[in-house]
Amino acid sequence: MNETRALKIAWWVRGFFACVALFLPLGHPHVWRQVDTLGVSLRYWLRWTVEPDAPWPLLPAVLHSGESSGLMAMEWPLLNLVAAPLFHFGPAWGTGLARALVFILNLILVLWNIRVWRDQMPGGVNASRSWRWMPLVGLGLVFFPKFIPDATAMLLVLVATGYLYQRTHRVGATLLLLIGFLMKPTSVIVLALLLLSPGFWQTLWLTIPPIAVAFTGTVLYYVKGTRWIQSLAGGESLYRVDPQNPLHALREFLSDLPQMGHLFLQGLSFYAGLPLLLLLTVLGKTRPLGRIWLLLGLQILAIAMLDGAHAFQHRYYFMGTLPLVCLLLQAVLDDMKASASAQRFRYALLVLLMGSALTHMAYEWRPFYIQTPAERFLSWQDCQNLKRRLPDWPWNQAAVFRTTPRPYPLVGLCFGERVGSEHSQYGLYIDSDPLPAGCKEVGRAGHVVGATCNF
């Protein structure tokens, strides 16, 4: 079996695992991050349908708003807006369809990148062949099906970088850069690929205007725009949108440097795959790849200066390293294929990569064989059953329900309702949460409890 056929099969297998996972509880890592972003999408739909008088209907608002408007300064919410109409089909189907939308969109963007980068050789490696690995390795394997904007933003910036690499479509590149940066500023590190472009310094003047326009627009949104949104909302944003001192962030990152090993093995790499590539490079089994390794180090340094040690807990901030990881992988495979005596190493590496991929895909199916605590996931069926058992409650009427305070709207997403009220007589709780004083249980379905409160 040749490499192309093996990759086609791997893509179909990846798609199958992802499609099955759409009907399972939200998969780790970062369930809470997905609940937050899905909650913003659902809240858009509620504001457009049952909250017609809601102010600023295109500005982002959270689901766990309490009695306030819930307006919230956050990353530019393009993905949330696009997915919002899918909640017409209810919270369960809306969540599954939103996740499917992101996964399909990311695969389409990979195919677009393969086309845009055709015949381009950054670092002497065929880019189109390299990008085929994106859904199967490292951060792409983990985060392409997650409802977060990081992978989508990275792929948009990668298309723009491809145009700039070839000195074409500068207007389109500017627009794509602006959208990608607004969705996720950390996607800026993808531009490191331009340093592998032949004659880059002689044609630098061609790339500066698009990057400058996109960077300026992004800075204006995150410095001025988010402050304006938060001034409308009042209080503090639940999303980290304020820039911090780069030197302070770097010191914070370096002070927690032992976590770098975990990040390298399970974040940037495809588990055992990338260390093996490093070993092969050191042993001289491949061409010199020093520039790519150097740029990979600079990308990590850039994220450290943007976000400090916080980045260790949110590995998707390093999504922009994926193209360089794929270039390294393809370089090793190309050189091993050219040597008849190295065929066994090539096939061993392919088996290792596919094994790592299948292992992680199976990780997404854990709800089949591991009981998930209610605090991590609520059954859609339980929430719908409780709604049916309490038909006189104000469902789908813009009511705000009481819940146990949590930083993420798990209960609200399950029921498709706003939560966080301190005054409502209607409360929705997980069965493991003690009911507050003054609240009395009036209905139960599985792990969810409905209670009336008199305070």
Side-chain angles (χ1 to χ4, degrees), residues 29-30 32-33 36-37 74-76 79 106 122-123 134 137-144 146 148-158 160-161 177-196 211 214-215 218-219 221-223 226 239-271 274-275 277-278 291-328:
H30 304 295
W32 315 140
R33 180 73 171 102
D36 284 338
T37 50
M74 58 175 289
E75 299 148 351
W76 196 52
L79 205 57
N106 288 338
M134 284 187 170
V137 300
L139 295 172
L141 171 67
V142 177
F143 290 109
F144 270 29
K146 309 296 184 187
I148 56 176
D150 302 74
T152 307
M154 179 274 290
L155 291 167
L156 289 170
V157 173
L158 184 60
T161 303
L177 286 175
L178 180 60
I179 295 172
F181 289 172
L182 286 170
M183 289 176 65
K184 200 69 181 184
T186 51
S187 61
V188 68
I189 64 175
V190 175
L191 293 175
L193 284 167
L194 291 175
L195 297 175
L196 297 173
I211 295 173
F215 183 76
T218 304
V219 170
Y221 174 77
Y222 281 94
V223 174
T226 55
Y239 292 80
R240 189 170 185 175
V241 292
D242 293 329
Q244 57 179 319
N245 185 298
L247 293 179
H248 173 75
L250 180 60
R251 285 196 300 269
E252 183 183 82
F253 185 89
L254 295 176
S255 67
D256 206 9
L257 201 56
Q259 288 215 48
M260 191 64 206
H262 186 267
L263 173 68
F264 184 77
L265 289 172
Q266 294 193 12
L268 306 181
S269 73
F270 25 88
Y271 298 86
L274 193 56
L277 293 184
L278 177 59
R291 281 199 300 167
I292 298 179
W293 284 106
L294 175 61
L295 291 178
L296 185 60
L298 291 176
Q299 286 182 324
I300 296 171
L301 183 65
I303 296 298
M305 297 179 71
L306 282 171
D307 204 56
H310 186 248
F312 287 121
Q313 281 70 49
H314 298 85
R315 286 176 287 167
Y316 42 76
Y317 290 168
F318 294 92
M319 184 65 69
T321 65
L322 183 60
L324 290 180
V325 169
C326 291
L327 287 176
L328 289 169

> Please check: side-chain N/O of Gln299 versus main-chain N/O of Gly320, any donor-acceptor pairing under 3.5 Å?
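Judged by distance alone, yes, a pair lies under 3.5 Å.
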> Determine whether a donor-acceptor pair (N or O, by modelled atom type, separation under 3.5 Å) exists between the side chain of Asp150 and the backbone of Met319.
no
> Taking the side chain as C-beta and beyond, is there a heavy-atom pair between Tyr316 and Arg33 under 4.5 Å?
yes
> Taking only residues two or more places apart in sequence, or in another chain, which ones meet Ser187 in a side-chain contact (heavy atoms from CB on, under 4.5 Å)?
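side-chain contact (heavy atoms from CB on, under 4.5 Å) check on Ser187 returns Ala153, Val157, Phe181.
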> Does a side-chain heavy-atom distance below 4.5 Å link Leu322 with Phe144?
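The answer is yes; the side chains approach within 4.5 Å.
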> Is any side-chain heavy atom of Leu155 closer than 4.5 Å to one of Met134?
yes
> Which pair of heavy atoms, one from Ala151 and one from Phe143, lies closest together, and at what distance?
CB-O, 4.4 Å
> Measure the shortest side-chain to side-chain distance between Trp76 and Lys184 over non-hydrogen atoms and say whether it is less than 4.5 angstrom.
no
> Listed by chain and number, what are the side-chain hydrogen bond (donor to acceptor under 3.5 Å, both in side chains) partners of Thr218, not counting sequence neighbours?
none
> Which value, rounded to the nearest 0.5 Å, describes the distance between Leu156 atom CG and Asn106 atom CG?
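Rounded to the nearest 0.5 Å, the CG-CG separation comes out at 9.0 Å.
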> Taking side chain as C-beta onward, heavy atoms only, is Leu327 less than 4.5 Å from Leu196?
yes
> When rounded to the nearest 0.5 angstrom, what distance separates CD1 in Ile179 from OG1 in Thr152?
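Ile179 CD1 to Thr152 OG1: 11.5 Å, rounded to 0.5 Å.
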> Which value, rounded to the nearest 0.5 Å, describes the distance between Leu182 atom CG and Leu178 atom CG?
4.5 Å
> How far does CZ of Arg315 sit from OG1 of Thr321, to the nearest 0.5 angstrom?
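OG1 of Thr321 is found 11.5 Å from CZ of Arg315.
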> Got Leu324 and Leu193 here, is their nearest side-chain heavy-atom distance under 4.5 Å?
yes
> For a quick test of reading the model, state the closest non-hydrogen atom pair linking Leu295 to Ala192 and the distance between them.
CD1-O, 3.5 Å
> Nearest 0.5 Å, what's the CD1-CD1 distance between Ile303 and Ile189?
4.0 Å
> Could you grab the distance from atom CE of Met154 to atom CZ of Phe318, nearest 0.5 Å is fine?
14.5 Å
